[in-house]
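Everything below concerns the one structure shown next.
Because only heavy atoms are used, hydrogens play no part in the values below, and waters and symmetry mates are left out as well, while side chains stay in. Worth saying up front: this structure is predicted, and the values here are computed from it rather than measured.
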Amino acid sequence: MCTQCVVTKQCCFYKMATRGERLARKCTAKRGRSLVNDELQARLKQIKTILQKTTEECNQEELNILRESPEMVREIERRAVKQATAKARIREVCDSPDEIVQKATQLANAIRNANFLVVYTGAGVSTAASIPDYRGPNGIWTKLSKGETIKNCTNLSDAEPTLTHMSILKLYQERHVKHVVSQNCDGLHLRSGLPGQALSEVHGNMYMEVCTECDPERTYIRTFDVTERTALRRHNTGRMCHVCGGKLRDTIVHFGEKGCLEWPLNWQGAIDAGKATDCIVCLGSSLKVLKRYNSLWGMTRTKARRPQLFIVNLQWTPKDTSATLKINGRCDDVMQLVMEKLGLEIPEYKRKNDPLFRLCMPLREHEVATKTTKNMEPRNSEQTNGEAKHASLQDVKREEQDGVEWDNGEHLGAGWYGKGCAKLKKPRKRRKLK
C-alpha cells in the first residue's frame with residue numbers, strides 16, 4: 001500500500017472518530033440540559049406550592065427558598081397573572097339592567113346619526129336559535145379543546161332567524177344599515193330577507209354550493225345543508241353543475257383556510273364598506289378573527305377619522321379598548337331595546353316566506369341519493385313551491401332507505417360544524433435520550 005493511501009485511510013478514521021465524539025458530546029449536552037430542566041421544573045413546583053401558603057404558614061426553610069430564588073418567584077407570579085387574565089376573558093359578564101338600558105340609548109342615537117353604518121356579526125347572534133357559539137363557556141371549540149364531544153345538537157336546518165337578524169333587516173330597510181359582514185355559516189341573514197348584495201358571509205353559507213368551472217362562478221342555493229360530505233380542505237359535495245358538468249363545492253371557509261370564492265364571501269363588498277363607514281356595530285363576535293383585517297376597521301385613516309366602534313358581546317374582545325362603547329349583554333336583549341328607542345317595529349319571521357324557497361335550485365332525480373341531511377320545509381302543510389314538495393318526497397325516500405331519524409339529536413350532518421378545532425396544535429413527542 002502506498003504512503004498516500006495510508007494517509008487517506010488514517011484521515012477517514014480520524015474523521016469518523018471526530019464525528020463520533022461530536023455526537024457523544026451533543027448527547028451528553030442534551031442529557032445535561034434535560035437534567036437541568038427537570039431540576040428547574042421541580043424547583044418551580046416547590047416554590048409554587050410554597051407561594052400558595054401564607055407567610056405565617058411557611059417555615060424558615062421555605063422562606064429562605066423564596067429569598068434565594070427571586071426570579072422564579074416573579075416568573076410564577078407572571079404566569080398566575082396570565083392565567084387569571086385568560087380565565088377572565090373567557091368568562092361571560094352581563095351589565096346591570098339599568099346600565100344596558102343606558103348604553104342601548106347611546107347605541108340607538110349612534111345608529112340614528114350614522115351616515116354609513118356597517119354591522120359585523122358573529123356566532124352570538126345565532127345562540128337564540130339554539131346554535132352554539134364557538135368560544136363561549138359552552139362553545140363548540142371550548143368543548144372540543146377539552147376533549148368533550150358535541151351531543152344533542154339541533155339540526156341546523158331547523159334554526160330560524162332571531163330577533164337580532166330581523167332587527168338588522170329592519171335597519172337595512174330603513175336605510176340605517178348599509179352593509180352586513182357575517183362570520184356565520186348558518187345562512188340566517190339571507191333567510192331573514194337581507195339581499196345578497198348587502199351581505200358578506202366571509203366564512204361561507206351552508207345552503208350554497210358553487211361551480212368554479214363556470215365563468216362567472218355559478219351558485220346553487222339549496223334547502224338543505226350541502227356540507228354533509230365536506231370537511232377541512234375537502235370541499236366537493238358529490239354533485240355536478242347542471243350547465244358545464246363540473247364538480248360542485250361548498251362555500252365554507254374552515255379555520256386555517258383562505259376564502260377564494262367571490263360569492264357568498266363578497267370580500268370586495270366588505271372592503272368597500274370598511275372604507276366608507278363612519279360607524280361599526282359588532283354583535284356577538286369575539287373579533288379574534290376579524291381584528292386581523294385592517295381594511296374592515298379603517299386603520300389606514302388617521303386616528304381622528306376612524307369610524308366609531310360599538311360592541312355588543314358577553315365576553316372580552318381585543319377591540320374593547322378602542323371601542324366607543326362596549327355593551328356586555330345578549331344581542332337579542334340589546335337590539336330589542338335599541339329598536340324601541342328608534343321607534344321601529346321588528347318584523348316577524350315567517351318560514352313559509354323564507355327567501356330560500358324562492359331562490360333554491362331543486363335536486364334532479366339522480367341527485368336525490370347524494371344527501372341524507374334534512375330538508376327545510378314550511379311549518380304548515382301548505383307548500384310554497386315545487387321545491388318544497390320535491391324536498392318532502394326526497395326526505396321520505398331517504399328515511400325509508402336508510403332509516404334516518406332526524407330528531408334524535410345524534411345526526412349532526414354538517415361538515416363545517418365544529419371543524420375549526422382541526423387547527424389545534426398536537427403536542428410533539430419528546431425524543432428520549434439513551
Side-chain angles (χ1 to χ4, degrees), residues 121-134 139-141 150 153-162 165 180-194 196 199-212 217-239 248-255 257 259-266 284 289 349 351 354-363 367 370-377 387 391 394-395 404 406 411-422:
T121 64
V125 302
S126 297
T127 51
S130 300
I131 299 177
D133 58 11
Y134 289 90
I140 300 169
W141 291 357
I150 304 170
C153 170
T154 56
N155 192 293
L156 302 185
S157 296
D158 293 332
E160 294 182 346
T162 64
H165 290 98
V180 176
V181 179
S182 176
Q183 301 172 81
N184 299 336
C185 306
D186 51 36
L188 293 182
H189 280 298
L190 188 67
R191 289 178 57 192
S192 71
L194 199 67
L199 178 62
S200 295
E201 295 175 298
V202 294
H203 291 163
N205 187 316
M206 61 181 269
Y207 295 106
M208 292 187 183
E209 50 188 348
V210 176
C211 175
T212 55
E217 294 171 352
R218 191 176 300 275
T219 303
Y220 292 81
I221 298 177
R222 310 292 191 184
T223 55
F224 58 89
D225 184 356
V226 303
T227 66
E228 179 184 7
R229 299 185 179 187
T230 65
L232 183 71
R233 298 186 182 89
R234 296 200 310 272
H235 293 279
N236 290 339
T237 62
R239 287 174 286 276
L248 296 182
R249 56 156 293 167
D250 69 4
T251 61
I252 306 300
V253 181
H254 294 285
F255 193 81
E257 294 181 335
C260 57
L261 298 175
E262 185 177 358
W263 294 96
L265 276 55
N266 190 18
V289 176
Y349 169 78
R351 182 171 277 231
D354 196 303
L356 235 58
F357 295 122
R358 175 172 48 85
L359 300 171
C360 68
M361 172 70 72
L363 289 180
E367 294 177 321
T370 62
K371 80 171 195 74
T372 60
T373 48
K374 183 180 179 181
N375 275 84
M376 189 183 73
E377 294 182 1
E387 162 63 13
Q394 290 171 13
D395 285 340
V404 178
W406 299 115
H411 183 80
L412 294 180
W416 63 272
Y417 197 75
K419 294 294 184 180
C421 221

Search all heavy atoms of [X] against all heavy atoms of [Y] and return the closest pair with its distance.
X	Y	result
Cys260	Leu265	N-CD2, 4.1 Å
Leu356	Thr223	O-CG2, 4.2 Å
Thr237	Asp250	CG2-N, 3.6 Å
His203	Cys185	O-SG, 3.3 Å
Tyr220	Arg218	OH-CD, 3.4 Å
Gly193	Pro355	CA-CG, 3.8 Å

To the nearest 0.5 Å, what is the distance between [atom1] on [X] and [atom2] on [Y]?
X	Y	atom1	atom2	result
Leu248	Glu367	CG	CD	7.5 Å
Gln183	Thr121	CD	OG1	7.0 Å
Ile221	Phe357	CD1	CZ	13.0 Å
Lys374	Asp225	NZ	CG	13.0 Å
Glu377	Asp158	CD	CG	10.0 Å
Thr251	Glu201	OG1	CD	7.5 Å

CA sep, side-chain torsions, deciding dist, call: Met361, Arg222, side chain to side chain contact (heavy atoms under 4.5 Å, CB included):
CA-CA 6 Å; Met361 172 70 72; Arg222 310 292 191 184; 3.7 Å; yes
Do Thr162 and His165 have side-chain atoms, one donor and one acceptor, less than 3.5 Å apart?
yes
From CA spacing to verdict: side chain to side chain contact (heavy atoms under 4.5 Å, CB included), Leu199, Asn266
CA-CA 7 Å; Leu199 178 62; Asn266 190 18; 6.0 Å; no
Quick one: are [X] and [Y] in side-chain contact, heavy atoms under 4.5 Å?
X	Y	value
Arg233	His254	no
Asn205	Trp263	no
Arg229	Asn236	no
Leu261	Thr212	yes

Is any side-chain N of the basic residue among Arg191 and Asp186 closer than 4.0 Å to the acidic one's carboxylate O?
no
May I ask you to decide if Ala123's main-chain N or O and Asn184's side chain share a donor-acceptor pair within less than 3.5 Å?
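It does hold such a pair.
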Treating Thr373 as the side-chain partner and Glu228 as the backbone partner, does any N or O pair qualify as donor plus acceptor under 3.5 Å?
no
For a side chain to side chain contact (heavy atoms under 4.5 Å, CB included) check, start with the C-alpha distance between Leu363 and Phe224, then their side-chain angles and the critical distance, and finish with the verdict.
CA-CA 11 Å; Leu363 289 180; Phe224 58 89; 3.8 Å; yes
Is there a side chain to side chain contact (heavy atoms under 4.5 Å, CB included) between Glu262 and Val210? Walk through the geometry before answering.
CA-CA 10 Å; Glu262 185 177 358; Val210 176; over 6 Å; no
